[in-house]
Undergrad: 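Let me give you the structure first, and then I'll get to my questions.
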Amino acid sequence: MPVLRSLRERLAAERPFAGLRVGACLHVTAETACLVRALAAGGADVGLAAANPLTTQDDVVAALVADGCAAYGRRGEDADAYAAGVVAVVDRGPQVTLDDGADLLTVLHAARPEQLTDLIGGTEETTTGLVRLRALEAEGRLACPVIAVNEARTERLFNDHYGTGQSTLDGILRATNLLLAGKTIVVLGYGWTGKGVALRARGAGAQVVVCEVDPMRALEARMEGFEVMPALVAAERGDVFVTVTGNRDVLGAPHFARMKDGAVLANAGHFDVEIDLAALAAAATGPPAEVLPLVTQYDLGDRRLNLLASGRVVNLAAGQGHPAAVMDMSFANQVLAVEHLVAHGEQLGAGVHAVPEAVDREVARLKLASLGVEIDALSEAQANYLRGWTPG
Ligand SMILES: NC(=O)c1ccc[n+]([C@@H]2O[C@H](COP(=O)([O-])OP(=O)(O)OC[C@H]3O[C@@H](n4cnc5c(N)ncnc54)[C@H](O)[C@@H]3O)[C@@H](O)[C@H]2O)c1
C-alpha cells in the first residue's frame, strides 16, 4: 500500500493528529491495520471495532492490540459481541469517527447525544452508510460534518471500476474455471462497476454485450465498441451474464426462458435481488443441484442454467474481494479526509460533504509517484490562459 505508506511517513514527521481520539468501525483486515498505523503515526489514539464479524482477521486484531491500539472483534462473533465492540469504541469518546456502514455515528446520535458535542466530524466508506447519514441529515439531526469517502473519484475509479471489474471476473473464474476467450459475456448495467467488468471481459477475449436503461450510458458503451441490446435479446446470445445495476429482477423468467443450455448467471451488485431467484427456482423441473462449490444448476427440462454464489455478490462470495492496491486508495482518502476535518471541520458545518478536490488530486498524485509515473505541469502562462476569457 505505497500511497498510505508515503502518507504515514509524512504524518509521523508532522504529527497533525497529536492527542486526537479517533474511533473507527471498519472491516478488521490487514489493510485496515495499515490505516490505523498511519493515523497512529500522526499522533492519533485509535479505537477500532469490526464493521462485519465475518470479515474480521483475528491475527490482525491481536497485532493491533500488541501495538497499543484498542481493537475489538473476533471472526464469527455473535451480534451482542459485535455491538459491544462498537459501544467500546464509542465509550472512548471519539472526536473523529471512521465508519463503514455508519454504525458509530448511528450509536452516537441515537444513544449518546451528550457525546455529539465532542465530535469534530466523521468519514464514511460505503454507500449504505451514506444513505443512513443522508437520512439523518434530511431530518435535520446530523450533528457534525461527514466526508463521503465512498464518492471520491479515486475511490470510484479503483474500488468500483478497476477493483470490482477485475475481482468479479476472478470470482466467476474461481467458481467455474471457464475459458473467457470466445465466450459472449452480457454485462447488465454499465455504471462505474459495469464498465470495469465489461473492460476486463473484453481484455480476456470475450465478446461483450451491454444492456442498459440509461441512454447516455448505453451510448457510451456503444461508442466504446460494445454491442448494446435489450436484455431479452441478449438472453439468447450470452454464455455468461453479470448483473451489476443496483436494481432488482434484472434477469427474470422471460430471460431464463430464452437462455442457452449451460449459461452462467452471476451478480456483482450489492444485494442478491438482481437475478430473480424465485422465478429461477419456479422455472426448474426439480430442486437445483450443487454441481461445483458455489455453482448451483437449475434444470429447465431442455436446458440447464448455472447460478454462481446463490446470486450473492460474486467477487466477495467466490473471490477474495478487493486487492490491497484498491484499499490503498480508499484509505489514503480516509487519512486525508481526517486531516481535512481536523483542519477545517468547524467551517464545514454539519452535513454530508464531498471529498475535497484537492484530496482526490493528492491521492492520484501519490499513486502516480508510487508507480514512477511523471506528468507535466501547467506553465504560468498556460494556467492564466485557462483562467481567462479573452479570445486567442
Ligand atoms: N461487488 C462489489 O464489490 C461492488 C463494488 C462497487 C459497487 N457494487 C454494487 O454494484 C451496483 C452498481 O454500482 P455502480 O457504482 O456501478 O452504480 P451506477 O449507478 O454507476 O450504475 C448502475 C447502472 O445500472 C443501470 N441499470 C439500472 N437498472 C437497470 C436494468 N434494469 N437493466 C440494465 N441496466 C440497469 C443504470 O442505468 C446504471 O447505469 C450497486 O449495487 C453497488 O452497490 C458492488
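If you read the sequence from its start, that first residue is 1, and numbering goes on from there. Just follow the structure's listing: the first ligand is 1, and inside any ligand the first atom is 1.
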Undergrad: Any non-hydrogen side-chain atom of V22 less than 4.5 Å from a side-chain atom of Q95?
TA: no
Undergrad: Relative to each other, are the rings of Y162 and F158 parallel, tilted or perpendicular (30° and 60° limits)?
TA: perpendicular
Undergrad: With distance as the sole criterion, is a donor-acceptor pair present between the side chains of E227 and Q207 under 3.5 Å?
TA: no
Undergrad: Distance under 4.0 Å, heavy atoms only, partner ligand 1: which residues pass?
TA: R156, D160, T164, G189, G191, W192, T193, C211, E212, V213, D214, R217, V244, T245, G246, N247, V250, A268, G269, H270, V313, N315, H322
Undergrad: For T29 and Q57, does a side-chain donor sit closer than 3.5 Å to a side-chain acceptor?
TA: no
Undergrad: Would you say T164's side chain and N159's backbone share a donor-acceptor pair under 3.5 angstrom?
TA: yes
Undergrad: Using the ring pair (Phe, Tyr, Trp, His ring centres under 6.0 Å) rule, collect all pairs that involve residues 253-287, keeping only residues at least two apart or in two chains.
TA: none
